[in-house]
Amino acid sequence: MHWGMKMTPERPEHDPLADYFDAARNHAPVLHTELRARIIADAAGIAAPRPTPARTQSRWRWAGWAMPGLAGGAVASLVGFWIGVTQPLPVLAADVPLWLVTPLDYIDLMTVTLIGFDDPLQLEF
Amino acid sequence: MPLELRSEPEQADLLARVARGDQQAAAYLTDLIAPRLLRFAARMLGDLAEAEDVTQEAMLRLWRMAPDWQDGGAQPATWVFRVAANLCTDRLRRRRPVQEASPDLPDTGRTQEANLMEAARVRALETALQELPERQRQAVILRHLEGLSNPDIAAIMMVGVEAVESLTARGKRNLAAILAGQRDALGYEDDT
């Protein structure tokens, strides 16, 4: 359907809606000065306060409160790691004072030489 | 003033100046974008007062985004058109299916009869636009009344360019069908 062709005979391929669009563009609503002023005033209101330092400070304040807890957790982790990974000491060494370790080693040496065992309990008395 | 939404590299710079309190930049961006937003919203909603609210709200959201605007993404104009489109959608969903009020028409200084005829065509088009499905209406307004490119429209509507072409074509077909019955009343002579 080519309605509107008689209005524009020089352009047979003329878009039938073009006249409507042209008319609508010619009669478009305009931005009046009050609305323009309000929009620009909004921009002024938004741009004024920029609390960047305060935000940074509050972040660090939060970090400050968390720091003791984080430090405690880190220490506990290290201690647990140390206990779990380090080779456990021999029972003897853990039970006796350090100054007795060397003499006891000598006793072990003698008992092994004399009776063939380092532990007298193995004699089944 | 023509607005090429995607070829305005200084828009982001202007927005950064707005964030620093530069009123001249705010005025420039307002003059660049707000008139188009107003026309778009008025045609989407068929109500000038609501369109003004949408325009101010969309621009306000742009100003609020200004301090955190990330360069390299969408252009500010594209972004704010998307906001306006969403605001229009919200209002259309809240609204009962009623009025078709045409925006106030400025006097163009032509003869009274020509003005009346053109005003009648504008009203017919505005009314017909309101009968289109929302997405088709958006595409037709942005393409044929705002003169945006298909890639710009695709960015605003968040669809592909092919979808924009399809929406525009279907919208125009529907518009033509709606307006066909009124052409005698609107001063068009029948060619049969």
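Chain A is the first sequence line, chain B the second, and so forth, proteins listed ahead of strands; every chain is numbered from 1. In this text the structure is predicted, and so the values were computed from the model without any measurement.
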Q: Could you look at A27(B) and say if it's the side chain, the backbone, both or neither that has a heavy atom under 4.5 Å from chain A?
A: both
Q: Between V30(A) and L38(B), what is the shortest heavy-atom contact and its length?
A: O-CD2, 3.3 Å
Q: Answer yes when R36(A) and D31(B) have at least one side-chain N-carboxylate O distance shorter than 4.0 Å, and no when they do not.
A: yes
Q: Which of the residues R64(B), M59(B), H144(B) is involved in the greatest number of heavy-atom pairs with chain A at under 4.5 angstrom?
A: H144(B)
Q: Tell me, side chain or backbone of L35(A) under 4.5 Å from chain B's heavy atoms, or both, or neither?
A: side chain
Q: Are I40(A) and L15(B) grouped together when hydrophobic residues (ILVMFWY) are joined by side-chain heavy atoms under 4.5 angstrom apart?
A: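 Different hydrophobic clusters.
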Q: Is it true that a side-chain atom of W63(B) and a backbone atom of I39(A) form a donor plus acceptor pair closer than 3.5 Å?
A: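 Confirmed, W63(B) side chain pairs with I39(A) backbone.
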Q: For L48(B) versus P29(A), what's the shortest heavy-atom pair and its separation?
A: CD1-CB, 3.7 Å
Q: Could you state the interatomic distance from CG (L31(A)) to CZ (R36(B)), rounded to the nearest 0.5 Å?
A: 13.5 Å
Q: Quick one: does F21(A)'s side chain get under 4.5 Å of K172(B)'s, heavy atoms only?
A: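 A side-chain contact under 4.5 Å exists here.
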Q: Quick one: closest heavy-atom pair of A43(A) and Q23(B), and the distance?
A: C-NE2, 4.1 Å
Q: Side chains of E52(B) and H32(A), heavy atoms from C-beta outward: is any pair under 4.5 Å?
A: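 They are in contact (side-chain heavy atoms under 4.5 Å apart), so the answer is yes.
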Q: Are more than 12 heavy atoms from other residues, nucleotides or ligands located less than 6.0 Å from atom CD of E134(B)?
A: yes
Q: Using every non-hydrogen atom in the two residues, find where A24(A) and L125(B) come nearest and quote the distance to one decimal.
A: CB-CD2, 3.6 Å
